[in-house]
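Have a look at the structure below before the remarks.
Order of appearance sets the numbers: ligands from 1, and atoms from 1 within every ligand.
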Amino acid sequence: MILHGVATRALRGLDPEDAHRLAIRGLRLGLGPRGGRDDPILATNLAGVALPNPVGLAPGFDKDAEVFAAMLRAGFGFVECGTVTPLAQAGNPRPRLFRLTEDRAVINRMGFNNRGLDAFAGHLARRSPDGVVGANIGANKDSADRVGDYVTGLRRLWGLASYFTINVSSPNTPGLRALQTKDALEELLGRLAEARDALPAAGRAPMFLKVAPDLEAGEVETIVAASLAHGLAGVMVGNTTVSRPPLASPFRDETGGLSGAPLSGLAARVLGEFAQAAAGRLALVGVGGIGSGADAYARIRAGAQAVQLYSALVFEGPGLVGRIKRDLARRLRADGFASLGAAVGAR
Ligand SMILES: Cc1cc2nc3c(=O)[nH]c(=O)nc-3n(C[C@H](O)[C@H](O)[C@H](O)COP(=O)(O)O)c2cc1C
């Protein structure tokens, strides 16, 4: 783990996208850390999927499903790969990823760079049955039928992923977030539910919707109602924000989605709104600015069954996962909870 701390510091000296590529290469070569056994108090359940611990790797890190096994070994309770689109696409021109070191934040405008569904499916097909791996699916930028792209993703990956996430919240594909509005969401979720119900029951996996934290008044209720109406299991709350709280870094005005510490307050507030509107009828995953056991615990007590993180890894390295888990277990015991599930929503 000390070696990995050194590696994290060395990677921080590089251009952020080069550093990410190098980290993926190292992980593919088996150079990742090993997390060890999880404390049984952390075992939990996300919409019927058993998790050894509730700390997940958020999508965007492993876009092409290349290193999920290494990240599970490093101690994550689950890994979400993607976003994958039907066809490979290059994404936006570089530079498109910025480290806001002073703010412990990241801005990205990657634009769904990925190698497409065939490559992604090939990697997932080789996975061992243990370990929870979710598939986050999206639409190609130039697609004439964006809703059709999500349906294609669901069909192609059916039976290969532990769960699916419908990503309608990236700020970096123009118009994508409009799929969160009432009529568009009805059409999207309606067509996905129809496709799902026609697929073999054997591959059945829960479906989540990933939302932006930048929602208008009333949208939380609309999204909850549509998710329930179409049999979704839950909501990932949420993606990066296009808002800009006060930031110190010179990259603060770069276009894209902001993640990391400055997103924490907003993401926690929107999670609370979803918890209230869903009233226990949907599983919720808290994402955005989580960088400590205290952050993770607060999200769980606010109603999240599990959490995910990405940006904090950039600054803290892979040792962070173990620290969060140890702190979570300590906090659960100190507050008298016998299991993680007992703390969900226990404000
Ligand atoms: C470089 C980068 C790429 C991302 N790519 C995706 C993506 O492809 N799909 C997605 O749903 N979220 C993506 N995200 C968003 C993260 O999954 C997460 O929702 C967000 O970063 C907030 O969590 P964090 O503050 O822990 O990073 C990306 C984030 C970053 C920093």
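The atoms of ligand 1 that sit less than 4.0 Å from any heavy atom of G82 are 8 (O). Within the listing of ligand 1, atoms 26 (O) sit less than 4.0 angstrom from a heavy atom of L309. Residue G289 has at least one heavy-atom neighbour below 4.0 Å for each of these atoms of ligand 1: 24 (P), 25 (O), 26 (O). For ligand 1, the atoms sitting less than 4.0 Å from at least one non-hydrogen atom of G238 are 19 (O), numbered in the order shown with element in parentheses. Within ligand 1, counting atoms from 1 as listed, the ones closer than 4.0 Å to a heavy atom of L263 are 22 (C). For ligand 1 and V287, the ligand atoms under 4.0 Å from any heavy atom of the residue are 18 (C), 19 (O), 23 (O). Residue V106 approaches ligand 1 through these ligand atoms, each under 4.0 Å from one of its heavy atoms: 31 (C).
Heavy atoms of K63 found under 4.0 angstrom from ligand 1 belong exclusively to the side chain. Both the backbone and the side chain of N239 come within 4.0 Å of ligand 1, judged by heavy-atom distances. Heavy atoms from both the backbone and the side chain of T83 come within less than 4.0 Å of ligand 1. Residue contacts with ligand 1, taken as heavy atom pairs separated by less than 4.0 Å, do not involve E80 at all. Of the heavy atoms in L97, only side-chain atoms (C-beta onward) come closer than 4.0 Å to ligand 1.
Residues R94 and D18 are in side-chain contact: their nearest non-hydrogen atoms beyond the backbone lie under 4.5 Å apart. Using a 4.5 Å cut-off on side-chain heavy atoms (C-beta onward), V151 and L192 make contact. Side-chain atoms of Y163 and E80, non-hydrogen and from C-beta on, do get closer than 4.5 Å to each other.
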Could you list the donor-acceptor pairs under 3.5 angstrom formed by side chains in residues 281-290, with sequence neighbours left out?
from	atom 1	to	atom 2	distance (Å)
R281	NE	A278	O	2.9
R281	NH2	A277	O	2.9

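Distances from atom 16 (C) of ligand 1 to the heavy atoms of P59, G91, G60 put P59 nearest. One option in S169, A105, S311 has a heavy atom closer to atom 27 (O) of ligand 1 than any other, and that option is S311.
Below 30°, between 30° and 60°, or above 60°: for F164 and W158 the angle between ring planes is below 30°, a parallel geometry. Note: H20 and Y310 have tilted aromatic rings, judged against thresholds of 30 and 60 degrees for the angle between ring planes.
Between D103 and R252, no side-chain nitrogen of the basic residue sits less than 4.0 Å from a carboxylate oxygen of the acidic one, so the salt-bridge criterion is not met. Between K325 and D38 a salt bridge is recorded (basic side-chain N to carboxylate O distance below 4.0 Å). A salt bridge links D327 with R331; the closest basic N to acidic carboxylate O contact falls under 4.0 Å.
Protein heavy atom in closest approach to atom 12 (N) of ligand 1: K210 NZ, 3.1 Å. Here the protein heavy atom with the shortest distance to atom 30 (C) of ligand 1 is N108 ND2, 3.4 Å. The protein heavy-atom contact nearest to atom 21 (O) of ligand 1 is S259 CB, 3.2 Å. Atom 26 (O) of ligand 1 has its closest protein heavy atom at Y310 N, 3.0 Å.
Distances from ligand 1 to the non-hydrogen atoms of S170 include no value under 4.0 Å. Judged by the shortest distance from any of its heavy atoms, G291 lies outside the 4.0 Å radius around the atoms of ligand 1.
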Next item on the list: Begin from the C-alpha positions of R299 and S264 and carry the test side-chain hydrogen bond (donor to acceptor under 3.5 Å, both in side chains) through to its verdict.
Entry: CA-CA 10 Å; R299 246 33 98 87; S264 186; 3.1 Å; yes
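Between E17 atom CD and R99 atom CZ the span is 11.5 Å, to the nearest 0.5 Å.
With hydrogens and angles disregarded, no donor-acceptor distance shorter than 3.5 Å links the side chain of N140 to the backbone of D149.
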